[in-house]
Amino acid sequence: MGESNKETVDIFCDGACSGNPGPGGYGAILRYRESVKELSGGAKDTTNNRMEMTAAIEALRQLKRPCKISITTDSQYLVKGMTEWIEGWQRKGWRNSKKEPVLNKDLWELLLTLTQPHVVQWKWVKGHAGHVENERCDQLAREGIPG
């Protein structure tokens, strides 16, 4: 049996904000076989949701070829946005259920572009509940907040 030409990469990501809006940080872990890469960064004036999305974006930017990906986050906003809401937003010209412009449209469009070549599964985990990678991403996100 030959291996699938799509390799599985596990991505774990989290965002944090000191004030919302305020200075924020993101953290991500990419794991493929025995290889692990950690990412961290931040912005001076942002929101928690933007940092959650940025963590996934920065992780996806690391991938050099089409992969099978599992993305795990404690952000229901990110998971539901990508799995439930985004098609409706696009159909309605990037308007939400209240007919208002969708927040963070720039990042949603970037996520669509970055996920397009891949097979992506989005997974939600409860934050601060002892999930090892989620706890590490939270730490990386907090370290990424500009002082």
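This chain uses plain numbering: 1 for the first residue, then up along the sequence.
Residue C13 holds its SG atom at 11.0 Å from CD of E58, rounded to the nearest 0.5 Å.
Q121 places no side-chain N or O within 3.5 Å of a backbone atom of S70 that could act as its donor or acceptor partner. Proximity of a side-chain donor or acceptor of N96 to a complementary backbone N or O of V102 within less than 3.5 Å is not detected. T113 places a side-chain N or O within donor-acceptor distance of the main-chain N or O of E109, the cut-off being under 3.5 Å. Under the 3.5 Å distance criterion, the side-chain polar atoms of E38 are left unmatched by any main-chain donor or acceptor of I29. At least one donor-acceptor pair under 3.5 Å links the side chain of W124 to the backbone N or O of D74. Using modelled atom types, one side-chain atom of W108 and one backbone atom of L103 make a donor-acceptor pair closer than 3.5 Å. Side chain of T115 to backbone of L112: a donor-acceptor contact under 3.5 angstrom is found. For H118 (side chain) and K68 (main-chain N/O), no donor-acceptor pair under 3.5 Å exists by modelled atom type.
Under a 4.0 Å N-O distance rule, the pair R136/E133 does not qualify as a salt bridge. D106 has a carboxylate O that lies under 4.0 Å from a charged side-chain N of R50, or vice versa, which qualifies the two as a salt bridge.
Judged by distance alone, the side chains of N104 and Y77 do bring a donor and an acceptor atom under 3.5 Å apart.
The shortest side-chain heavy-atom distance between D10 and I71 does not fall under the 4.5 Å cut-off.
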